[in-house]
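Taking it in order: structure first as structure tokens, then the write-up.
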Amino acid sequence: MRIKDFPKDIRPFLIPNHKGKLIYRCLDCNRKFGIETLLYTCPECGQILLIYDENFDRLKQIPGEKWRRIFDYRRMLTKPALKGIYRYHEFIGPVLPLETIVYLGEGHTPVIEANSFLQDKVGARFFFKNDGQNPSASFKDRGMASAFSYINFLIKGKYFENVLAVCASTGDTSAAAALYASFLQPLVKSAVLLPHKKVTPQQLSQPLGSGAAVFEIPGVFDDCMKVVESLSERYNVALLNSKNAWRILGQESYSYEIAQEFEYDMENKVVIVPVGNAGNISAIISGFLKFYDVGIIRSLPKIIGVQSEHADPVYRYYLEPETKKRNFVPVRVKSSVAQAAMIGNPVSMPRVIHLVELYNKISGAENVFFVEVSEQSIIDWELIANRNGHIACTQGGEALAGLVKASGQGLIGQDDVVILDSTAHAIKFSGFTDTYFKNNFPDEFNIIPDPDLINAPVLVKPGDLQKFPAPGSPLEGDDFKIFVKRVSDDIAKFLNLKERG
Ligand SMILES: *Cc1c(COP(=O)(O)O)cnc(C)c1O
Ligand SMILES: [Zn+2]
């Protein structure tokens, strides 16, 4: 829709004009730093950073009700820069001119209600938000759109040139980083570090296809992360892991979209999210807090983080009920089907600790919870969901397993409506379901396939036929007729079909 066709009182707000004053703030010593240079940790004390807008309170001059209308009308705009996560520009990157925004189709992913069969089976009303329907097929695109728009801004402003974007990854961060970097080439190049044999072939193909330099390193993600940190401390590279606070800003869009999708009514809502490096849950908490602060939403949803028994440092931290006695201890991870969340020493742990405390305080009661699930339940629930119309990845299965676990613990109320984060697309992790179907899991996974969930293709090649079609040599005449008849009869027999009367 053209600007002149919008209601008069909305027109001045359609194109964002809030001037933010963004700064990095250290989570430990509270010192502030300008955003003209890329920082990942506090130059004074080494702690991790978050980005704040010192002009944030000005957003409160517009009532929440008006903001809701602005965002709803912005849905109808056709400006590419505002079609993705920057529909919420004022809350995500209010220093970036629209010309510097990189939009590749991220955000506004579908929210799909489970069918009644699945809701009955689980015993709760729930939806999947399909973040696998982002351009590189995971939620990581949200953070990359933000981080690369900012890099683009630095390049255009001549603060920065010849950028080499680097990241360590459990697969999806590298796919997203390489995709966005390739859009900005030749000014930006990318290099990704992956734990050898610990990403799926689909995930490996993504940065290769985008033209990134791909390095495979022995060990697990946490080892790759240390190498990337060493690189970024000693060489001139741009770190794209979620240590980069711009990624967190972009990922907050997930919460804004949920708010908008449910008409800004967060009463009785529960958001369930798988937790690995803990950037996603940090962003989700932070996003809801900002919308609440400005009055766009009137209550804060319950948030539940889910971890596998094979990679559960955040869950373990919160097992201790007394805040003062809590003590973070990294864990040694074991192989997990929720491989994208297989992280023993999450980079964003200090953010989680800070934001969970704040969220609970502002909610007036404990409102963030963590549950732990078995490998078996993760993949079983993924398969069950996908047999009911979903495209959940293993981490999406982890979220659903988390819902079942949380229900069992009394964390889900009778009237609650649950939104599960399916963080990536099922096809990225099809190797795990394939292993399940073939009953080939190494012992360490502790997964025994449920025969009812196993599936395999059936080759229909009747033994009494001599001739079969092949590429370049089709069958003709009677040979073809016989082939079609015999194969269709075999399939009918296999499926127990009744002949038409
Ligand atoms: C990165 C990732 C996660 C974990 O998110 P964190 O922000 O690291 O906690 C979960 N699922 C998928 C598919 C991912 O790519
Ligand atoms: Zn500091």
Side-chain angles (χ1 to χ4, degrees), residues 23-33 39-50 109 129-134 136-144 167-177 194 198-200 202-203 206 221-222 225 240-244 247-248 250-252 254 272-286 303 305-308 311-315 333 336-352 354-355 370 378 382 391-399 402 420-429 432:
I23 47 120
Y24 295 108
R25 200 164 82 206
C26 173
L27 275 176
D28 213 16
C29 73
N30 249 337
R31 281 195 184 81
K32 298 189 286 192
F33 306 93
L39 288 182
Y40 314 109
T41 50
C42 174
E44 295 292 328
C45 77
Q47 179 61 288
I48 206 160
L49 307 164
L50 276 173
T109 51
K129 185 162 169 63
N130 285 340
D131 259 24
Q133 286 176 261
N134 276 300
S136 79
S138 87
F139 78 86
K140 299 293 201 302
D141 294 327
R142 298 176 180 279
M144 292 303 170
C167 65
S169 177
T170 54
D172 292 331
T173 298
S174 53
L194 305 170
K198 286 278 174 255
V199 305
T200 72
Q202 294 83 349
Q203 291 171 318
Q206 290 185 289
F221 168 83
D222 299 286
M225 192 62 218
L240 263 302
N241 279 96
S242 51
K243 211 166 190 183
N244 182 330
R247 290 232 353 244
I248 306 294
Q251 288 171 196
E252 288 172 359
Y254 185 82
I272 303 190
V273 46
V275 177
N277 223 2
N280 199 22
I281 194 166
S282 301
I284 291 171
I285 294 175
S286 174
I303 292 173
V306 190
Q307 294 211 291
S308 158
D312 59 355
V314 185
Y315 168 77
V333 294
S336 171
V337 292
Q339 189 168 264
M342 203 182 109
I343 293 172
N345 192 8
V347 162
S348 282
M349 195 63 208
R351 290 179 180 137
V352 172
H354 168 75
L355 288 164
F370 292 88
I378 292 172
E382 181 203 0
I391 49 166
C393 62
T394 44
Q395 295 70 216
E398 183 177 19
L420 303 176
D421 192 348
S422 177
T423 44
H425 197 292
I427 54 174
K428 283 206 188 209
F429 299 88
F432 288 114

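All values derive from a computational prediction rather than experimental measurement. Read the numbers this way: they start at 1 and go in the same order the structure lists the ligands and their atoms.
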### Query
Which bit of A278 is near ligand 1, meaning a heavy atom under 4.0 Å away: side chain, backbone, both or neither?
backbone
### Task
Could you tell me whether the side chain of F370 reaches within less than 4.5 Å of the side chain of V352, counting heavy atoms only?
yes
#### Entry: Residue from K140, Q203, Q339 passing side chain to side chain donor-acceptor pair (under 3.5 Å) with D172
Q203
### Query
Which distance, rounded to the nearest 0.5 Å, do you find between the CG of D141 and the CD of Q133?
12.5 Å
### Task
Ignoring hydrogens and angles, tell me if any N or O in the side chain of R31 forms a donor-acceptor pair with the backbone of Y24 under 3.5 Å.
no
### Message
Among all the protein's non-hydrogen atoms, which is closest to atom 7 (O) of ligand 1, and how far away is it?
### Response
N280 N, 2.7 Å
### Message
Return the closest protein heavy atom for atom 10 (C) of ligand 1 as residue, atom name and distance.
### Response
T423 OG1, 3.6 Å
#### Entry: D172 neighbourhood, listing ligand 1 atoms whose heavy-atom distance to it stays under 4.0 Å
12 (C), 13 (C), 14 (C), 15 (O)
### Message
Tell me the protein heavy atom at minimum distance from atom 5 (O) of ligand 1, and give that distance in Å.
### Response
F139 CZ, 3.4 Å
### Query
Can you tell me how far the CD atom of Q47 sits from the CZ atom of R25, to the nearest 0.5 Å?
13.0 Å
#### Entry: atom 2 (C) of ligand 1: nearest protein contact (heavy atom, Å)
K140 NZ, 2.4 Å
### Message
I need the contact type for K428 against ligand 1. Using non-hydrogen atoms and a strict under-4.0 Å cut-off, is it side chain, backbone, both or neither?
### Response
neither
### Query
T173 to ligand 1: N or O pair under 3.5 Å?
no
#### Entry: Nearest neighbour in protein (non-hydrogen) for atom 8 (O) of ligand 1
N277 N, 2.7 Å
### Query
If you measure every N/O of G279 against every N/O of ligand 1, is any gap under 3.5 Å?
yes
### Message
Has Q251 got a side-chain atom pairing as donor or acceptor with F139's backbone, closer than 3.5 angstrom?
### Response
no
#### Entry: Gap separating the CG atom of L27 from the CG atom of L49, nearest 0.5 angstrom
7.5 Å
### Message
Side chains of T109 and R142: any donor to acceptor distance under 3.5 Å?
### Response
yes
### Message
I need the protein N, O or S atoms closer than 2.8 Å to the Zn ion (ligand 2), given as residue plus atom name.
### Response
C26 SG, C29 SG, C42 SG, C45 SG
### Query
Between Q206 and S136, is any pair of side-chain heavy atoms under 4.5 Å apart?
yes
### Message
Distance alone, cut at 3.5 Å: any donor-acceptor contact between the side chains of N277 and S348?
### Response
no
### Message
Measuring only between side-chain heavy atoms, which start at C-beta, is S286 closer than 4.5 Å to L50?
### Response
no
### Query
atom 4 (C) of ligand 1: which of A424, C393, G276 has the nearest heavy atom?
G276
